[in-house]
Amino acid sequence: MTTIAFIGLGNMGNPMAANLVKAGHKVIGVDLIPENLALAKEHGLAIAEDGQSAVKEAEIVITMLPAGKHVLSVYAEIAPWAPKGALFIDSSTIDVESARKAHAIAGENGLLSIDAPVSGGTGGAAAGTLTFMAGGSKEAFARAEPVLQPMAGRIVHCGGDGAGQAAKICNNMILGISMIGVAEAFVLGEKLGLSHQALFDVASTSSGQCWSLTSYCPVPGPVPASPANRDYKPGFAAALMLKDLKLSQEAAQAAGAATPLGAEAAQLYALFNAQGGGAADFSGIINFLRGSNG
Ligand code: NAD
């Protein structure tokens, strides 16, 4: 049994922490929202007053927070209170620069650290099948791997500090671009009198095949589990896709990489969000592309 402090018990953090409890670990939770703490208690977590008291005896500290600024302020607050040699795992999706700063704060306080963002959404968090993409030293990764296991379907060590966040934003840039491509193809097919099923049957076994089509089809029917079948209830909200596309654009600018389709995808998701689509699943961009935003 390992003592784990878990900070950030929202849509993702709560079910992730529940899987750690199920695996037999002692998990001490912290959040700002009373309802999230009540749910965490039901999942068997111990609740701490604040981050500092949560980490005092922790061997592992996991954060699952909204953005880089939250991670950096929490790290600055708690790192000096954690036992020397403890391992900090940040699973939030944040910018690469903040991730590297978080590693630096951990290092200055005698702690090991990895950035380990996830893919797989709230469904994967509940099922314990998330893909973790980790950045950090081999030593830190080796210690993190068995702790991540109860929450994971796959764990990939991507490289040094920040490499997990780099992999995450590259992956989600592919996803944002490919979803727009698939949605445009369905909209064109509709105008040409092609049924959704016919286009799906051809493209899903042809060179247009991709995850956005075969696992997350943006029209109802061909893939019964996709959010299109439940009026685009997320799933993965368009607002979060916009956040990730912005992160990839900031990274591209800082690194001097040309990502013109990533930039276009960010613009289209910004417009979709501005027109009220932010709370819908990101595959709902098909309605925006049709001009209906339904
Ligand atoms: P969320 O908003 O539901 O949860 C974040 C939690 O952090 C909230 O409960 C909030 O109260 C808490 N929090 C904020 N500041 C805090 C502080 N100082 N101390 C303690 N708690 C604090 O968000 P989420 O959907 O769980 O996402 C968390 C992260 O995971 C984000 O970075 C997101 O981009 C990423 N992510 C989300 C999904 C998804 O499908 N929801 C998928 C992959 C990755």
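For this chain, numbers begin at 1 and follow the sequence in order. Atoms within each ligand, like the ligands themselves, are counted from 1 in listed order.
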*In sequence, state the C-alpha distance, the side-chain angles, and the governing distance for Glu97 and Lys101, and then conclude on salt bridge (charged side-chain N to carboxylate O under 4.0 Å, His left out).*
CA-CA 6 Å; Glu97 199 190 331; Lys101 281 185 188 158; 3.6 Å; yes

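The side chain to side chain contact (heavy atoms under 4.5 Å, CB included) test with Ile28 singles out one residue from Ile47, Leu45, Ile7, Thr3, and that residue is Thr3.
Between Tyr75 and Asn109, the side chains place no donor N or O within less than 3.5 Å of an acceptor N or O (distance only, hydrogens not considered). Side-chain contact annotation: Glu145 with His157, donor-acceptor N/O pair under 3.5 Å absent.
Minimum heavy-atom separation, Lys243 to Pro66: NZ-O, 2.6 Å.
For Glu77, the CD atom sits in a packed shell: over 12 heavy atoms of surrounding residues, nucleotides or ligands are nearer than 6.0 Å.
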Give one line per pair: atom of ligand 1, protein atom, distance. Only N/O to N/O under 3.5 Å.
unit_1	atom_1	unit_2	atom_2	d
ligand 1	3 (O)	Asn11	N	2.9
ligand 1	3 (O)	Asn11	ND2	3.3
ligand 1	9 (O)	Asp31	OD1	3.1
ligand 1	9 (O)	Asp31	OD2	2.7
ligand 1	9 (O)	Asn36	ND2	2.9
ligand 1	11 (O)	Asp31	OD1	2.6
ligand 1	26 (O)	Asn11	N	3.3
ligand 1	26 (O)	Met12	N	2.9
ligand 1	32 (O)	Leu65	O	2.9
ligand 1	32 (O)	Pro66	O	3.0
ligand 1	32 (O)	Thr93	N	3.0
ligand 1	32 (O)	Lys243	NZ	3.0
ligand 1	34 (O)	Lys243	NZ	2.8

